[in-house]
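One-based numbering along the sequence shown. Please read all numbers here as calculations on a predicted model, not as lab measurements. Atom set for the values below is all heavy atoms of this structure, side chains included, hydrogens, waters and symmetry mates excluded.
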Amino acid sequence: MINHVWGLLTHPSQELQQIKREGESVQHLYAHHLLLMAAIPVICAFIGTTQVGWYFGDGQVIKLTIFTALYSAVIFYALILAAVALMGRVIYWMARRYESRPSWQSCTLFAGYTATPLFLAGMVALYPAIWLCLLVGIIALCYAGYLMYIGIPTFLNIDRREGFIFSGSTFAIGVLVLELLLGLTVLLWGYGSRLL
């Protein structure tokens, strides 16, 4: 797992080819990559919101109780795992018109590995300052888009020109799914802070 993470950061094109050659199952992806990587933003947000608190710049710091943060973290974790599965399904649905017709398994693997920068960006939630989370999140989102752009022709057997169009569409849908996930998370944390 760590090898793939490091490879996606240092030599992404070759790493995506290696991941494709391995022919990993969706169960293996979840067991050896997603369950661990999705825990990064969840654990960091749990620590950040209970120990440091959200700072909004007006001197007010909002902290969550351990209980509120724990149940919110469990729901957040489930939403992250579901979002990856949803993106795999969306990619599979969008790729059905291509001759290569990539499998649902390939599409889900692709979605899981291209989300890696977003999982790593979750470390910034240890110090939950809005400006910092936004900056790191935008950088991670751009890198995930780059992984999508270079990986679609290789991973899904779609030619590079069509891959550009496909990756743009997929990226747009991915951003919508991410916004939905973030919106639900804000609602969870907001609801939790009112329970204090």
Side-chain angles (χ1 to χ4, degrees), residues 4-5 7-9 12-13 15-17 19-20 23-30 33-42 45 75-125 130 133-189:
H4 286 316
V5 172
L8 288 170
L9 295 176
S13 185
E15 195 64 30
L16 287 169
Q17 291 172 3
I19 291 167
K20 183 181 179 185
E24 161 180 32
S25 69
V26 173
Q27 292 82 6
H28 189 269
L29 168 74
Y30 269 83
H33 185 75
L34 289 180
L35 292 176
L36 297 171
M37 295 302 290
I40 292 172
V42 173
I75 295 170
F76 182 42
Y77 188 62
L79 287 173
I80 290 172
L81 297 175
V84 171
L86 175 63
M87 278 309 299
R89 187 57 72 177
V90 166
I91 293 169
Y92 177 69
W93 178 76
M94 289 176 58
R96 75 189 187 289
R97 70 181 190 96
Y98 293 100
E99 270 182 42
S100 62
R101 302 220 18 133
S103 68
W104 168 77
Q105 177 175 312
S106 292
C107 295
T108 304
L109 289 173
F110 183 69
Y113 281 110
T114 56
T116 299
L118 298 170
F119 296 140
L120 294 174
M123 286 189 277
V124 78
I130 293 201
C133 291
L134 185 60
L135 175 66
V136 172
I138 289 171
I139 292 168
L141 189 61
C142 289
Y143 195 75
Y146 172 71
L147 287 178
M148 199 170 287
Y149 169 71
I150 64 168
I152 280 180
T154 301
F155 217 81
L156 302 180
N157 299 320
I158 297 170
D159 81 26
R160 188 157 295 282
R161 192 181 49 166
E162 296 242 357
F164 177 74
I165 296 166
F166 187 91
S167 63
S169 303
T170 307
F171 184 74
I173 293 170
V175 168
L176 290 175
V177 170
L178 179 64
E179 287 177 4
L180 176 65
L181 180 65
L182 292 175
L184 290 172
T185 303
V186 166
L187 286 174
L188 282 173
W189 296 120

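We find the CE-OG1 distance between Met87 and Thr114 to be 7.5 Å, quoted to the nearest 0.5 Å. In this structure, Cys133 SG and Ile138 CD1 are separated by 11.5 Å, a value rounded to the nearest 0.5 Å.
By the 30° and 60° cut-offs, the orientation of the rings of His33 relative to Tyr113 is tilted.
Between Ala38 and Leu81, the shortest heavy-atom contact is CB-CD2, 3.9 Å. The heavy-atom pair separating Leu29 from Gly112 by the smallest distance is CD2-CA, 4.4 Å. Between Pro102 and Ala95, the shortest heavy-atom contact is CG-CB, 3.5 Å. Contact between Phe171 and Leu141 at its shortest, heavy atoms only, is CE1-O, 3.4 Å. The heavy-atom pair separating Val136 from Ala121 by the smallest distance is CG1-CB, 3.7 Å.
Every residue was checked against the ring-ring contact (aromatic ring centres under 6.0 Å, His included) condition with Tyr77, not counting sequence neighbours, and none meets it. For Tyr30, there are no ring-ring contact (aromatic ring centres under 6.0 Å, His included) partners, not counting sequence neighbours.
Contact check for Leu120 versus Leu9: side-chain heavy atoms found under the 4.5 Å cut-off. Considering only heavy atoms from C-beta on, Phe110 stays 4.5 Å or farther from Ile19 through its side chain.
Evaluation of the side-chain hydrogen bond (donor to acceptor under 3.5 Å, both in side chains) test over residues 138-147, restricted to residues two or more places apart or in two chains, returns none.
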